[in-house]
2 protein chains.
Amino acid sequence: MKTVEPASEFPVPRDERRQHTQERILCAARELFSRSGYDRTTIRAVAAAAKVDPALVMHYFGSKEELFGEAIRVDMEDVVVGPEEELADRLLSKLGDKLEAEPDAQLALLRSMLTHPQAAEGVRRALARECGQVVGSAIGGAEGALRAGLVSATTIGVIVGRYLLQLDGLKDADPKEITEILRPCFRALVDHGVEPKKTRAPRSKRRRAG
Amino acid sequence: MKTVEPASEFPVPRDERRQHTQERILCAARELFSRSGYDRTTIRAVAAAAKVDPALVMHYFGSKEELFGEAIRVDMEDVVVGPEEELADRLLSKLGDKLEAEPDAQLALLRSMLTHPQAAEGVRRALARECGQVVGSAIGGAEGALRAGLVSATTIGVIVGRYLLQLDGLKDADPKEITEILRPCFRALVDHGVEPKKTRAPRSKRRRAG
DNA sequence: GTTTTCATTCTACAGACGTTGACAAGCTGA
DNA sequence: TCAGCTTGTCAACGTCTGTAGAATGAAAAC
């Protein structure tokens, strides 16, 4: 297994070949990082999965750290949701989409978020970007931030519980059912104290400074 | 630094000395495991933190895996809550207690739950034990399990978001405020579809096999 | 056809790791 | 005082890791 391949049919252009190899490496890296996390994933294992010499991984990506950075780079695609949806429903739609399509690349990020600082920072940023809108709609800035944090926490809890911890009632559940059950929760978190214009205010609790 | 200590005053009994050393090691282990997770924590680092030779750690705990197992063993203390509290409030009280007292030992477990199978299993079990009661009070078994899973997910999300990810609005928030904001969520998750007609017992006596 | 470039591999290093076994020194009981 | 057990250390092993540099051979350029 020393030669690169007989190039049996016709010679593949060099650029194309290289791009394909890089893709294979990156793909293997994502797979392994998302299955085992940063620390337990070795360059050698990635190389083996991509059927390539370890040194080639270094040559293309510089270091394990950079390879990881490339593997967890997520496209930050904005999920298209109805613009007239309420905020809570918008957030739920996003969560629902993540539950529908198994988040390949994101799992690599999530799996390492508790042990790898860069991954943690990535998750914080992604969450802030998604759930940050909750802050603005709050009475006081502090409570708004707290509510945004709780929406973030719930979101991440559900995804972690489903895909990484594989909690019993969650791992095989229907995404639609999940979001439906969560809807009242998200509404309660987002449509807080100042209830928008609905019928009545169910909450008369006053906040006190801690 | 070769001798064990001059035993300056009077000789400390052997048992006591050993127990104290073991405790020091275990304490250092918990600290490091909870800060860096299983993989990034080395026996050598634990030994150094405990001011002890690495070989002694092995001698007392057998292996890194066993040391970890000992470090994450949590006492499973049942939080004392008012027995007449509704289920949702009971679960919230437990969460609140975890937020009040920084969960030293539990963090070691949580930090590694995404990369260490044994830790994951520990978390699953702890969650099932705590939130499992939700299942029984459901209409159908499947939806009950899902709701229990979502309570678990929310719980773990909040703790992870606060202590490990350190999400902005969450890390410094007042525990009381957190639980108050979460109350409607937990109620919505637990007191589902069938609204429990006030003072009635929400628990059905029959259960079905999985 | 010759030279250059480049994708890829081979070999190896230096450090860190978990773990082991031999050994020193103290406490304990006779 | 002696032997025995226990606490603790030292030095080392074998392995695995990320990484570096030289070597190879095919494609591209001339």
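Chain A is the first sequence line, chain B the second, and so forth, proteins listed ahead of strands; every chain is numbered from 1.
Among the protein residues, Tyr60(B) comes within range of the sugar-phosphate backbone only, with heavy atoms under 4.0 Å from sugar or phosphate atoms but none that close to a base.
Of the possible polar contacts, one joining the Arg124(A) side chain to the Leu165(B) backbone as a donor-acceptor pair under 3.5 Å is found.
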Name each donor-acceptor pair under 3.5 Å that joins a side chain in residues 43-53 of chain A to protein atoms two or more places apart or in another chain, with its distance.
residue  : atom : partner  : partner atom : Å
Asp53(A) : OD1  : Ala55(A) : N            : 2.8

Donor-acceptor pairs under 3.5 Å, side chain of residues 25-34 of chain B to any protein atom, not counting sequence neighbours: which ones?
residue  : atom : partner  : partner atom : Å
Arg30(B) : NH1  : Ala71(B) : O            : 3.4
Glu31(B) : OE2  : Arg35(B) : NE           : 3.3
Glu31(B) : OE2  : Arg35(B) : NH2          : 3.1
Ser34(B) : OG   : Arg30(B) : O            : 3.0
Ser34(B) : OG   : Glu31(B) : O            : 3.0

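Per the geometry, CE belonging to Met58(B) stands 16 Å off P belonging to dG8(D), to the nearest Å. Between the P atom of dG8(D) and the NE2 atom of His20(B) lies a distance of 10 Å, rounded to the nearest Å. Separating the CG atom of Leu67(A) from the P atom of dT19(D) is a distance of 10 Å, rounded to the nearest angstrom. When the C1' atom of dA20(D) is taken as reference, atom CZ of Phe61(A) falls 18 Å away, rounded to whole Å. As a whole-Å value, the separation of Asp15(A) CG from dA29(D) P is 9 Å. dA11(D) atom C1' lies 16 Å from atom CG of Leu56(B), rounded to whole Å. As rounded to whole Å, 12 Å separates atom P of dG21(C) from atom NE2 of His59(B). Distance CG (Asp53(B)) to P (dC23(C)): 17 Å, rounded to an integer number of Å.
Atoms SG and CG, on Cys185(A) and Leu150(A) in that order, are 11.5 Å from each other to the nearest 0.5 Å. Here the straight-line distance linking atom CZ of Arg73(B) with atom CD of Glu70(B) works out to 4.0 Å at 0.5 Å rounding.
Contacts with DNA chain D (heavy atom under 4.0 Å) in residues 108-121 of chain B: none are found. Within residues 21-52 of chain B, the residues having any heavy atom under 4.0 Å from DNA chain D are, by residue number, Thr21(B), Arg44(B), Val52(B).
Within the structure, side chain to side chain donor-acceptor pair (under 3.5 Å) contacts touching residues 56-69 of chain B (residues at least two apart or in different chains) are Tyr38(B)-Glu65(B), Ser63(B)-Glu66(B), Glu65(B)-His116(B).
Side-chain proximity of Arg17(A) to the nucleotides dC10(D), dA7(C), dT7(D) is greatest for dA7(C). In this structure, the nucleotide among dA20(D), dT19(C), dT19(D) sitting nearest to the side chain of Pro54(A) is dT19(D).
Closest non-hydrogen pair, Gly149(B) versus Leu167(A), comes out as O-CD1, 4.0 Å.
The side chain to side chain contact (heavy atoms under 4.5 Å, CB included) check on Pro175(A) picks up Leu99(A), Glu100(A), Arg162(A), with sequence neighbours excluded.
In the interface, the side chain of Arg14(A) is paired with the base of dT5(C) through a donor and an acceptor atom under 3.5 Å apart.
Glu180(A) has no carboxylate O lying under 4.0 Å from a charged side-chain N of Lys176(A), or vice versa, which leaves the two without a salt bridge.
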